[in-house]
2 protein chains.
Amino acid sequence: MTQDEGTQLAELFRLLGEPNRLRLVAACLDGPRSVGDLTEEVGISQSLVSQHLRLLRAGRLLKQTRSGRNVFYDLPDCHVRTMLTNMMDHVLEPEDHSHEE
Amino acid sequence: MTQDEGTQLAELFRLLGEPNRLRLVAACLDGPRSVGDLTEEVGISQSLVSQHLRLLRAGRLLKQTRSGRNVFYDLPDCHVRTMLTNMMDHVLEPEDHSHEE
DNA sequence: TCAACATATGAACACATCCTAATATGTTCA
DNA sequence: TGAACATATTAGGATGTGTTCATATGTTGA
């Protein structure tokens, strides 16, 4: 892992390292969600949702699509979707301690 | 993903979301490293290395083993190792944009 | 065009975080 | 025991981050 790769990778983790932001991303894993839906689902203020969505957009973890009055957020491509899904699965799967030292 | 799982998972990502810490963990993926080795490999002060190692220990991403004057850091079990290795692989693998919208 | 809705932005504050410098703790060997 | 080495801790300052409140922008339908 080069110095630069490390910095980029850390930036990705940093974005996912805030509970509200992680929930926003997780909520989009099953398909596009409007800001209103996300606000309700995550249970924080609309303003705060928007602030976090801006960061996630800037980090290319979510993309924005307007449809009428609503703006929908979704993962930008299948690579990111696969990566995040796998990361979630790995981290959330029940731990097997049988091989611990 | 429950509220609580989200918080725990975010905490893991937060720890990996700092470049120096991420490099410390990455440096341990190939096997135990002494604090001295890590200090040299990551290129930051010994004090700072220790500070970050403490956080990684607290978050159970690394475990500590003393051997004489040296203290070695290593991943605590194969689950964590597998998880981190996969995460690195996924994130660092060259992106395939052919299916982007 | 105007009101109502949906989302985004800007400013400000409290708090967390990273870092450095100095020092403490623990270990080995003479 | 004491000097030298290896690692950990503490305190402090600078900077960053999450949040709220107020307000701006963009969109629809009457």
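To find a chain, count down the sequence lines: A is the first, B the second, and so on, and within it residues start at 1.
Here A:Arg81 pairs with A:Asp74 in a salt bridge; the nearest charged N to carboxylate O distance falls below 4.0 Å.
Residue B:Tyr73 has a polar side-chain atom (N or O) positioned under 4.0 Å from OP1 or OP2 of D:dA8. Distances shorter than 4.0 Å separate none of the side-chain N or O atoms of A:Asn20 from OP1 or OP2 on D:dG18. Note on B:Arg21: every side-chain N or O is 4.0 Å or more away from OP1 and OP2 of C:dT17. Using a 4.0 Å cut-off, some side-chain N or O of B:Asn70 falls inside it from OP1 or OP2 of D:dT7.
Not a single donor-acceptor contact under 3.5 angstrom links the side-chain atoms of A:Ser45 to the base of D:dC21.
Proximity note for A:Glu18 (side chain, C-beta onward) versus D:dA8, C:dT7, D:dG18: the nearest is D:dG18. Of the candidates D:dG18, C:dA8, D:dT10, D:dT10 carries the atom nearest the B:Ser47 side chain, counting heavy atoms from C-beta on. Candidate nucleotides C:dA6, D:dT19, D:dT7 were compared by shortest atom distance to the side chain of B:Gln46, and D:dT7 ranks first. For A:His52, counting side-chain heavy atoms from C-beta on, the closest listed nucleotide (C:dA8, D:dT19, C:dA21) is D:dT19. Which of C:dA8, C:dC18, D:dT20 sits closest to the side chain of A:Gln51 comes down to D:dT20. Set against C:dA8, D:dA6, C:dC19, the side chain of B:Leu48 has C:dC19 as its closest nucleotide. Proximity note for B:Arg69 (side chain, C-beta onward) versus C:dC5, C:dT27, D:dT9: the nearest is C:dT27.
Rounded to whole Å, the distance from CD on A:Gln64 to C1' on D:dT25 is 13 Å. For A:Arg33 and C:dA6, the CZ to C1' distance is 18 Å, given to the nearest whole Å. Between the CZ atom of B:Arg14 and the C1' atom of D:dG16 there is a distance of 13 Å, rounded to whole Å. Regarding B:Ile44, its CD1 atom lies at a distance of 15 Å from the C1' atom of C:dA21, rounded to whole Å. The CZ-C1' distance, from B:Arg66 to C:dT27, rounds to 6 Å in whole Å. If you measure from atom CG of B:Leu24 to atom C1' of C:dC19, you get 14 Å, rounded to the nearest angstrom.
Closest heavy-atom contact between A:Asn70 and A:Ser34: CB-CB, 4.4 Å.
From B:Arg21, atom CZ reaches atom CZ of B:Arg14 across 6.0 Å, with rounding to the nearest 0.5 Å.
Among the atoms of the strands shown, base atoms are found under 4.0 Å from some heavy atom of B:Arg54. Using a 4.0 Å heavy-atom cutoff across all strands shown, A:Phe72 reaches no nucleic acid atom at all.
Counting non-hydrogen atoms of other residues, nucleotides and ligands closer than 6.0 Å to CZ of B:Arg60 gives a total of 12 or fewer. Open room surrounds CD on B:Glu40; 12 or fewer heavy atoms of other groups in view lie less than 6.0 Å from it.
Toward the 5′ end of DNA chain C lies the nearest nucleotide of B:Leu55, the other residue of the pair B:Leu55 and B:Ser67 mapping further downstream.
No side-chain donor-acceptor contact under 3.5 Å links B:Arg33 and B:Thr39.
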